[in-house]
2 protein chains.
Amino acid sequence: MTEVHLRDALDTLKSTGVRITPQRHAILEFIIQSMSHPTADDIYKALESKFPSMSVATVYNNLRVFREAGLVKELTYGDSSSRFDFVTNDHYHMICDACGKIVDFHYPGLDEVEHLASHLTGFDVSYHRMEIYGVCPTCKEHATKVQ
Amino acid sequence: MTEVHLRDALDTLKSTGVRITPQRHAILEFIIQSMSHPTADDIYKALESKFPSMSVATVYNNLRVFREAGLVKELTYGDSSSRFDFVTNDHYHMICDACGKIVDFHYPGLDEVEHLASHLTGFDVSYHRMEIYGVCPTCKEHATKVQ
DNA sequence: ATACTTATTGTAACAATTATAATCAAAGAA
DNA sequence: TTCTTTGATTATAATTGTTACAATAAGTAT
């Protein structure tokens with residue numbers, strides 16, 4: 001699964017004339033196989049043993065390249081730094097208010113909402129995103145133990 | 001309408017023991033009557049004629065106070081700074097990819113999605129947010145003219 | 001090989017936000 | 001009232017995520 005995604009992603013890059021460097025390959029691979037919506041710094045730290053001389057700027061540069069190619073989405077929440085999510089099929093995010101963990105879940109597209117919104121506002125809709133906030137099972141358990 | 005909201009908000013603050021200073025009153029009033037989801041800097045600039053000596057820190061401090069009291073929500077998008085939205089009844093945001101304008105629209109709560117997500121992930125849900133992206137009527141018109 | 005383009009690196013700059021310390025204002029107790 | 005305490009504001013320094021820039025390195029094509 002991961003391999004298929006990676007191969008597709010590399011094809012997409014190649015077809016748009018973007019050179020595939022070892023750094024780019026590694027960053028992309030990390031985002032795809034990591035299920036954790038990493039920050040730029042997460043990626044930087046995860047790869048520094050493999051690429052000791054890689055600059056943070058390279059991570060940011062390439063995240064921008066990937067974003068422009070439509071391969072990753074940038075997620076900004078209240079906390080300091082952006083998280084990056086590999087674009088596969090439609091899914092939404094469940095975010096724990098206590099520990100910040102992000103869990104994906106799938107739901108059939110909210111076409112009806114998009115249509116209504118478009119009708120009400122006159123916008124041409126391109127996409128939407130949704131986040132649900134709450135407390136994850138682990139934090140719930142912890143909270144009840146603490147009491 | 002605005003006045004009612006402001007009075008309610010001040011009551012909420014009073015009931016939680018938060019002192020209502022002239023700055024707080026002005027910031028709250030501005031957020032409520034402004035329909036534009038202002039940034040901290042927008043608020044600071046808008047009030048500097050009224051409070052020439054007010055510090056940016058005061059704006060940030062009080063936005064945090066209001067957020068903790070549940071009066072405002074912080075919205076973070078890709079762009080640099082957070083926007084602040086007075087909490088009234090459930091609504092979502094339509095955002096223009098071209099000019100960044102944010103337009104509210106109302107939609108009956110997405111209870112079904114919340115329930116499914118809760119069931120799938122085991123989270124206790126507290127709330128959700130959704131943004132729809134697209135191109136606003138003004139930018140559409142402009143784009144066609146430019147061609 | 002040579003020239004040309006593109007990517008990476010290292011570092012400086014920037015901008016939003018937060019932390020800190022000092023001053024100021026309000027509220028309560030004596 | 002005056003004193004004391006608490007909380008708010010101010011001004012500024014520090015922090016942090018991100019971007020800009022110039023120099024170097026690596027590919028690509030002629």
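Excluded from the calculations below are hydrogen atoms, water molecules and symmetry mates; all remaining heavy atoms, backbone and side chain alike, are included. The sequence lines fix the lettering, A, B, ..., with proteins before strands; numbering per chain opens at 1.
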When we call it a touch if two heavy atoms are under 4.0 Å apart, what does Ser82(A) touch: a base, just sugar-phosphate, or nothing?
-> sugar-phosphate
Going by number, which of residues 42-67 of chain A have a non-hydrogen atom under 4.0 Å from DNA chain C?
-> Ser53(A), Met54(A), Ser55(A), Ala57(A), Thr58(A), Asn61(A), Asn62(A)
Taking 5' to 3' order, which nucleotide of DNA chain C is first and which is last to have an atom within less than 4.0 Å of a heavy atom in chain A?
-> dT5(C) to dG10(C)
Taking the hydrophobic residues Ile, Leu, Val, Met, Phe, Trp and Tyr, and joining any pair whose side-chain heavy atoms are under 4.5 Å apart, which ones share a cluster with Ile95(B)?
-> Tyr127(A), Leu75(B), Tyr77(B), Ile102(B), Tyr133(B)
Carboxylate-amine/guanidinium proximity below 4.0 Å for Arg129(B) and Glu131(B) = yes
With sequence neighbours excluded, tell me which residues meet salt bridge (Lys or Arg N to Asp or Glu O under 4.0 Å) with [X].
{"X": "Asp8(B)", "value": "none"}
{"X": "Arg67(A)", "value": "Glu74(A)"}
{"X": "Asp97(A)", "value": "none"}

For [X], give me all partners under side-chain hydrogen bond (donor to acceptor under 3.5 Å, both in side chains), at least two apart in sequence or on another chain.
{"X": "Asp41(A)", "answer": "Lys45(A)"}
{"X": "Arg83(B)", "answer": "none"}
{"X": "Thr121(B)", "answer": "none"}
{"X": "Glu114(A)", "answer": "His128(A)"}

Could you tabulate the donor-acceptor pairs under 3.5 Å formed by side-chain atoms of residues 104-111 of chain B, not counting sequence neighbours?
unit_1    : atom_1 : unit_2    : atom_2 : d
Asp104(B) : OD1    : His37(B)  : NE2    : 2.9
Asp104(B) : OD1    : His93(B)  : NE2    : 3.4
His106(B) : ND1    : Asp90(B)  : O      : 3.2
Tyr107(B) : OH     : Glu112(A) : OE1    : 3.2
Tyr107(B) : OH     : Glu112(A) : OE2    : 3.4

Which ones in residues 16-29 of chain B lie close to DNA chain D, meaning a heavy atom under 4.0 Å from one of its atoms?
-> Arg19(B), Thr21(B), Gln23(B), Arg24(B)
